[in-house]
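Notes follow the structure.
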Amino acid sequence: MSDRTQPGQHPDTDQLNAFIEQALPLHEQEQTLAHLAICADCRQIVYLSQQSGQGEAQATETTLPKPWFSGWKVALPAAAALACLAIVTIHLRSTRVSNTNNNTAATSIEISGPPVPMPEAPSVPQPDQAKSVPPKSPRNRLGVVSPIVTPGGALAAGNVGRAGGNLQLQSMSTLPLHERNATFLPQASTASASASIHGSIQRSTNESRDSITNAAPAPGVMARSPDSGTALQGKPAAPEARNDLQANATIAVAPPLSAPSTRVAGVSQTVDVTPTTSLAAFGQQQTAKRLPPLPSHLSALSVVSDVSQTLAIDTSGKLFLSNDGTSWQSVEPQWTGRAVKLRLAPSLPQSQRAADKVTANTNMSHGRTASMGGSIASAHLAVFELITDTGVVWTSADGQNWKQK
Amino acid sequence: MDTASSQPGELTLSLPSSRRAVAPAEIPVDLPTSVLSTLPEELVEELWLAAAAETCELTRDELAAALSTIGSKSNCGLSHEIHPNSAQKAAFFRGLRLPELALAQACGLGREVAWERFIALYRTPLTQAAISIASSATLGHDLADSLYSELFGTTERDGRRRSPLASYSGRGSLLGWLRTTLAQRYIDHHRRTRRETPLDTYDAPAPPPSLAHLPAEVHRLALAVTRTLESLVPEERFLLSSYFLDQQTLRQIACLLHVHEATVSRKLKRLTAHLRKQLLRDLQFGGLSKRAAEEALGTDPRDIELNMRTLLQSSLPDTFLNHVSDVEPDQR
C-alpha cells in the first residue's frame, strides 16, 4: 500500500493477489472489496490477473493427455438409455402381440359393390339388440357373413362379397380364410322381420381352425354398412335351418329389413376374410369345426364348402371331396394342369336371379338346400369352380364331375 | 496508479553491478530487531525448516526478519484493534506459503540458487500469463522481460537494489502474485501509452453538467438515483460496477467472488429490483404520487445527465486510510 507513488489509497499487489485467492482475513477481504467497488483500476487488475490464471489453467487442461475412455463418459449413459428404451419397447410390443394372439383373432370382411337399398317394414317391430344363439350343433361354429339382400328381400346369391360398402366384422382367426359359404335366411314371416345368415367357413390350415375353436361364444353380432347405413343386428338363426346346413360356422345376422314373402336358405358364397379386427369387440359367437386331415397328409391349399359338401385341394394339386365333413374321398382329375384354387360361383346369370327370387319356391332343383325346409329362393345358386395353374376354370355342381367353363 | 515504481518497505539489495551471486553476508538487510526479539527461536527454526530456506541459501535471521515485517504489516491477519499473542502469531506464520516466501525473499536478496529455481519454476508460466494479459505474444514477451529485470532489482533507491519480490508476503501463491504484478505493469503501460496520444485525436471530456438546469422531474429523479446508489453497500456496488460498468461476465464475477454464476445472477436481479423499489420510494417520499413516480422512472436515461460511473465510483471514506496510518512509513 502506498500513498506516495499512487493517487489515493490502493491495495498493493500482494493484497490484491491474496484477495483473488481468498487468502485474506475477513476484515481485509471486506476492505479490499469495498475498495474494488469504487476503484476501476484495481478491478481491472484483479480481473486481468484472474483471467490470465484461468487461461493458463485452460491451456494446462488442453495439454493434458486424456485417457482413451474419456470420450465414453458421455456416450455410455446415452447408449444405456437407448438400450433401456429399446428393451422396454420390445417388451411392450411382444406383450401386446401375445395379448392379441391370446384374446383376439382378427378377421375382417370387406365387401364391395353397389349399394343395395334396404327397404324397411314399418309394420314389423325391430329388435333392439342383437341376439345370438349358442351353437347347438358342433357344425355351427363360425360365421362371418355380410348379407346382401335385394329390395325384394331375396339374397343376391354369389354377390355377397360385393355389397355396397365395406363391412368389417371381427373374427378370431389370424390366418387367411379364403373361401367360405354363407346361408342367408331372411325370415319374412316372423314378427321380428329379421333375416338370418348362416355362413360356413373353412380354412385352409389346421392352425387357423385351432385358433378359431378357442374362441368363446358371444351374444351377438352387430355391424354397420357405411354405404347403406343399415345396421345389421345379430339374431338367432332358425334352428331348423342351422341344423340342416352343412356349414362349418354360423353367424346370425338380422338386418332391419322388410319382410319379403320369400325365404332364402342354403346360399353359398365366397367372402374374402382378412384378419384385422377383434372378435371380442363384437361379441360374436364363433366356433369352428375341425376338418379331418386330407388323405394325402398334405396341407390344404384351397378349401371351399357348400352347405353339404366340402372340397379341398392339397398342396400337390389333388382334389378331395367330403360329403359328411368327416371323411375325404379323392376326385379323379378331369382337368389339365394343376388345380390351385377352388371357389363357389353362382350357377345362374345375374339377370335371372330376380326372376328366381320371385319364383323361389319353384326353383329348388339341385336339392342341396332343399333339406332346409321352407321356400328357397334359388335352388342351384352356386357351383364349384376349380382354377388350374394355367388359369382355366372348371365347374362342377357336385364336386365330382367337372367340365371346362 | 503507477505501480511500476518500487513499493516502500521492500528490502534493499546491493547494486546489481556485479551479476554474480551475492553472498548473504554481503547483503545489508534491514532487520526489524524489535520484531525479531518477539519471535521465539523454536518457531523460527520450525518455519525455517518448513520453508526449506536452506535450499535457497536463506538464513534463519533473514527469514525471521521477513516474517516479522509481514506480521507487522498485516497485524498477523487480525484487525488492527487486536494485539496478537504468540499463538496467533505462530498460527499466522504457519499459514503462510513458506517455501514460496523463502524463494521470493532469497531472490530478492540476490541468491543465485534461488534465481535458478525461480526461473525453472516460473519462467514459462510467467510468459504465458503475460501473453494472456496482453493478448499478444510480442507484448506479452516484452511485458515478461521487463518484469524479470525489475524483479532482479534494477531499480535503485538510496544506492540500493530493490526487488519487488521482497513485498511478497506469502499469503497468496507466488505465481498469483506474479500474475497480479504483470497485470499492474500492463495497466501502467496502457496508461502511459494513452497519455502519449496526440492532442489532435484527444477528445477532452466535457465538464460534468450541473443538475440545476434540468427539468424539475428529471432533477428529482437524478437526485433519487444519486441517493439510492450512495446507499449501496460495497458488495452491491462491486456487483453493479463489475457487471454494468466493466462489462464483466457473470462467470468472471463469480470466479472472483468464489460463488456460483447463478448466485451472482440472483444477486444482480435482486439488486436491480431493490434499486427500482428504492427509487420509487424515494420519489414518492419527495412528493410524487405512485403513478407519477413510475412515469418518472420511465424517463429516457439520455435525458438524465448523470454519470453512473462517477456515482458508483465516488470515493467512500478512505478504506485503507486507517490501515495505512498504522503501518510505519518504511513498510508501506
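Each chain gets a letter, A, B and so on, in the order the sequences are listed, and its residues count up from 1.
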Item to check | Residue A:L24 versus chain B: region with a heavy atom under 4.5 Å | outcome: side chain
Next on the checklist: As an exercise, state the distance from CZ of A:R43 to OG of B:S241, rounded to the nearest 0.5 Å.
Outcome noted: 4.0 Å
Checklist entry - What distance separates B:S79 OG from A:Q31 CD, expressed to the nearest 0.5 Å? => result 9.5 Å
Checklist entry - Looking at B:G77, B:G95, B:G170, which has the largest count of heavy-atom pairs under 4.5 Å with chain A? => result B:G77
Checklist entry - With only heavy atoms counted, which part of B:L78 is less than 4.5 Å from chain A, the side chain, the backbone, both or neither? => result backbone
Checklist entry - Which atom pair, heavy atoms only, marks the closest approach of B:Q252 to A:Y47? => result O-CE2, 3.9 Å
Next on the checklist: Quick one about B:T180 and A:S49 (side-chain donor to acceptor, distance below 3.5 Å, no hydrogens or angles considered), yes or no?
Outcome noted: yes
Checklist outcome for this item: Correct closest heavy-atom pair for A:N17 and B:G176 would be OD1-C, 3.0 Å
Checklist entry - With no hydrogens and no angle check, is any side-chain donor or acceptor of A:E21 less than 3.5 Å from a backbone partner on B:S173? => result yes
Checklist entry - Of the non-hydrogen atoms in A:I45 and B:Q184, which two are nearest, and what is the gap between them? => result CD1-CG, 3.4 Å
Item to check | Largest heavy-atom contact set with chain A, pairs under 4.5 Å, which of B:L256, B:I133, B:I131 | outcome: B:L256
Item to check | Pair A:Q44-B:I187, side-chain contact (heavy atoms from CB on, under 4.5 Å): steps then yes or no | outcome: CA-CA 8 Å; A:Q44 197 171 2; B:I187 290 175; 3.8 Å; yes
Next on the checklist: Salt bridge check, A:D12 against B:K73: does any charged N sit closer than 4.0 Å to a carboxylate O?
Outcome noted: yes
Checklist entry - Which heavy atom of B:R237 sits nearest a heavy atom of A:A37, and at what distance? => result CB-CB, 3.6 Å
Checklist entry - Can you find a side-chain donor-acceptor pair between B:S74 and A:E28 that sits under 3.5 Å? => result no
Item to check | A:I20 backbone acceptor or donor facing B:H258 side chain under 3.5 Å | outcome: yes
Next on the checklist: Checking A:D14 against B:R171 for the side-chain contact (heavy atoms from CB on, under 4.5 Å) test, could you report, in this order, the C-alpha distance in whole Å, the side-chain angles of both residues, the deciding distance, and whether it holds?
Outcome noted: CA-CA 8 Å; A:D14 187 72; B:R171 291 191 290 183; 3.8 Å; yes
Checklist entry - Should we say atom OH of B:Y243 is surrounded by more than 12 heavy atoms from elsewhere, each under 6.0 Å from it? => result no
Item to check | Side-chain heavy-atom pair A:Q50, B:C255 within 4.5 angstrom cut-off | outcome: yes
